[in-house]
Amino acid sequence: MTVKQRTQVGIVGAGPAGLLLSHLLALGGVDSIVIEARSRAYCEARQRAGMLESTTVQLLRAVGLGRRLDAEGLEHDGIYLQFGGERHHVNFRELTGGRWVTIYAQTEIVKDLIRARTADRAALEFEVSETEVAGLDSDHPVLRYTDSAGQRHEVTCDAIAGCDGFHGICRPAIPRGGLRLVAERSYPYGWLGILAKAPPSTDEVIYCRHEDGFALHSMRTPEVGRLYLQVPADEDITRWPDDRIWDELQRRLGVPGWELQTGPILEKGITPMRSFVATPMQYRRMYLAGDAAHIVPPTGAKGLNLAVADVAALATALIRLLRDGNPALADAYSEHCLERVWRATHLAWWMTAMMHVVPGQDPFESALQLAQLRNLVTSRAAATMLAENYTGYAPLRYDPATRVVPTPLWPWVA
Ligand code: FAD
Ligand code: DHB
């Protein structure tokens, strides 16, 4: 027997996009259910992004998700750009008149969100299977899934939010002709990322172009480092024992008088790199948000921040549609988001192209990369362009006036 249910918004995926959407909708008095294929423990441990734009931090604070972020996040004024054996600091705070970036891991945002949704007694189901969306040509699309105990559910919704990542089921469920444009770019390299019990050897994140490939030194806490190395797209991780990783990081990131601190590697993995944008980000009453709609290569740290920007706009649009009967923002959702999506897509592509080096690269290409990097550290105008885009571009399209539930300060930890 199938259990029949009703909700206003059916959300597929409990990544940052789906969880934050459910939280923002609840503040506006709109009901939702979030269904997730993986376990809670898996979602809370999945190592991914870590760099938040100041716009993302401000939103999370404004909606009651700032307590641990403010206590444990590492606020940075800017980044280091390293090339030709020189390391330069670019001060975003100074260039933008006060904007900054914060290191706070995606795992921690997901934990904070799950705790907040659970304390709010939200409908949040982990370990579901056989997820389907149907009735997409009607005003009442349907979400079907089997719960972790094997029970089949059918949820009639007023809208569905596809927050199910790049490999999810929502985007492929859009009928033929429903997507006008799928723009895609692949890159011949990936990032080998490590999480290490080694105190960061830098106060702010280092982006490094080296003749043998890109390297990035980030961090999670004062005791834990997060570092990345450019490797071939099809690289086999078994070719990278821990000692080789540390040696290569020291070689690429090294500058005179600077030593990389090493320690036990807690986790390692290789992330492929891709740019992808689906247009429009909606089909009637199904809306795509985050990685379900677009992917950027990680250089520039835009993926998570874009997911947050999408759901800030989507929550406002759905509250206006479903609570106030005004469809204007829901109709314009895709158009509103795509402006930021393409700005971030350009930034990520540009930073990737400027910082990665492929074996046997054309010397003309290398000279262009170095000229562009030199320009960034010598021209205030060029540095300001990077600073504005890196820290968050335009304000988020979140309207706090949609709230009916005043946000008490972090009630679940009080
Ligand atoms: P996701 O976090 O992917 O969440 C989607 C959720 O949907 C998942 O939990 C998934 O299990 C669930 N789901 C999928 N299919 C179904 C289904 N059929 N039914 C139910 N649930 C389903 N960005 C950066 O800025 N910096 C980085 O260093 C960085 N590293 C990354 C490393 C990896 C390996 C990956 C994949 C991404 C990385 N990103 C990085 C990108 C960033 O993490 C994402 O942009 C961000 O996670 C997007 O959030 P999301 O909620 O849209 O999607
Ligand atoms: C991190 C990831 C990025 O992609 C980036 O550009 C900067 C930092 C990180 O994981 O901390």
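Every number for a ligand or one of its atoms is a count from 1 in the order of the listing.
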Just checking Phe92 against His76, ring centres under 6.0 Å apart?
no

Could you tell me whether some N/O pair between Gly168 and ligand 1 is separated by less than 3.5 angstrom?
no

Should the pair His153 and Tyr145 be assigned to parallel (<30°), tilted (30 to 60°) or perpendicular (>60°) ring geometry?
parallel

Cation over ring face, Arg171 and Phe166, 6.0 Å, 45°
yes

Any idea which atoms of ligand 1 are less than 4.0 Å away from a heavy-atom of Cys163?
5 (C), 6 (C), 7 (O)

Basic-acidic side-chain contact under 4.0 Å: Glu388, Arg99
no

Would Lys268 and Asp242 pass as an ion pair if we require N to O under 4.0 Å?
yes

Would you mind telling me if ligand 1 is within reach of the side chain of Met51, the backbone, both or neither, using heavy atoms under 4.0 Å?
neither

Once you measure the plane-to-plane angle for Trp350 and His346, does it fall in the parallel (<30°), tilted (30-60°) or perpendicular (>60°) bin?
parallel

Among all the protein's non-hydrogen atoms, which is closest to atom 4 (O) of ligand 2, and how far away is it?
Pro298 O, 2.7 Å

Checking heavy atoms under 4.0 Å, the part of Ser218 that sits near ligand 2 is side chain

Considering only heavy atoms, does Tyr228 approach ligand 1 within less than 4.0 Å through its side chain, its backbone, both, or neither?
side chain

Is the contact between Tyr104 and ligand 2 made by the side chain, the backbone, both, or neither, using heavy atoms and a 4.0 Å cut-off?
neither

Could you tell me whether atom 15 (N) of ligand 1 has a protein heavy atom closer than 4.0 Å?
yes

Looking only at the aromatic ring of each residue, does the gap between the centers of Tyr80 and His89 stay below 6.0 angstrom?
yes

protein heavy-atom neighbour closest to atom 19 (N) of ligand 1 works out as Thr131 OG1, 3.0 Å

Assess the residue pair Arg380 and Glu94 against the criterion (salt bridge (Lys or Arg N to Asp or Glu O under 4.0 Å)); give the C-alpha distance rounded to whole Å, side-chain angles, the decisive distance to 0.1 Å, and a yes or no.
CA-CA 11 Å; Arg380 189 175 175 91; Glu94 200 229 317; 3.3 Å; yes

Hey, looking at atom 10 (O) of ligand 2, which of Arg48, Met355, Arg220, Arg226 has the closest heavy atom?
Arg220

Could you identify the single nearest non-hydrogen protein atom to atom 6 (C) of ligand 1 and state the distance to 0.1 Å?
Glu36 OE1, 3.6 Å

Trp191, any N or O under 3.5 Å of ligand 1 N or O:
no

Closest to atom 3 (O) of ligand 1 among protein heavy atoms sits Arg48 NH1, 2.9 Å

Using a 4.0 Å heavy-atom threshold (strictly under), name the region of Asp291 that reaches ligand 1: side chain, backbone, both or neither.
both

Under 4.0 Å from any heavy atom of Gln106, which atoms of ligand 1 are there?
2 (O), 42 (C), 43 (O), 46 (C), 47 (O)

Within a distance under 4.0 Å of any heavy atom of Ile35, pick out the atoms of ligand 1 and give their elements.
20 (C), 21 (N)

Please determine whether a side-chain nitrogen of the Lys or Arg among Asp31 and Arg323 lies less than 4.0 Å from a carboxylate oxygen of the Asp or Glu.
no

Would you mind listing which atoms of ligand 1 come within a distance below 4.0 Å of any non-hydrogen atom of Ala301?
25 (O)

Do ligand 1 and His167 have nitrogen or oxygen atoms that lie under 3.5 Å from each other?
no

Decide whether an N or O pair under 3.5 Å exists between Tyr207 and ligand 2.
yes

Numbering as shown, the atoms of ligand 1 that approach Gly290 to under 4.0 Å (heavy-atom distance):
52 (O)

Nearest non-hydrogen protein atom to atom 26 (N) of ligand 1, with distance, is Ala49 CB, 3.3 Å

So which protein heavy atom does atom 51 (O) of ligand 1 come closest to, and at what separation?
Ala17 N, 2.9 Å

Under a 4.0 Å threshold between the charged nitrogen and the carboxylate oxygen, would Glu75 count as salt-bridged to Arg93?
yes

Ligand 2 to Ala301 polar contact by distance, N or O atoms, under 3.5 Å
yes

among protein heavy atoms, the one nearest atom 4 (O) of ligand 1 is Gly15 CA, 3.5 Å

SB check Glu132 Arg152 (cutoff 4.0 Å)
yes

Once you measure the plane-to-plane angle for Tyr287 and Tyr333, does it fall in the parallel (<30°), tilted (30-60°) or perpendicular (>60°) bin?
perpendicular

Is Arg209 paired with Glu211 through a side-chain N to carboxylate O contact shorter than 4.0 Å?
yes

Look at the aromatic rings of Tyr228 and Trp191 and report parallel, tilted or perpendicular, splitting at 30° and 60°.
tilted

With a heavy-atom distance limit of 4.0 Å, tell me whether Thr271 approaches ligand 1 through its side chain, its backbone, both, or neither.
side chain

Here the atoms of ligand 1 under 4.0 Å from any heavy atom belonging to Lys302 are 25 (O)

Which residue is it: Arg251, Gln230, Arg252? I am looking for the one with a side chain to side chain donor-acceptor pair (under 3.5 Å) to Asp212.
Arg251

Closer than 4.0 Å to some heavy atom of Arg38 - which atoms of ligand 1 meet that?
11 (O)

Cut-off 3.5 Å, side chains only: do Thr316 and Asp399 have a donor facing an acceptor?
no

Is Ala37 close to ligand 1, meaning an N/O of one under 3.5 Å from an N/O of the other?
yes

For Val12, atoms of ligand 1 separated by under 4.0 Å from a heavy atom:
19 (N), 20 (C)

Any salt bridge linking Asp247 with Arg244? Criterion: basic side-chain nitrogen under 4.0 Å from a carboxylate oxygen.
no

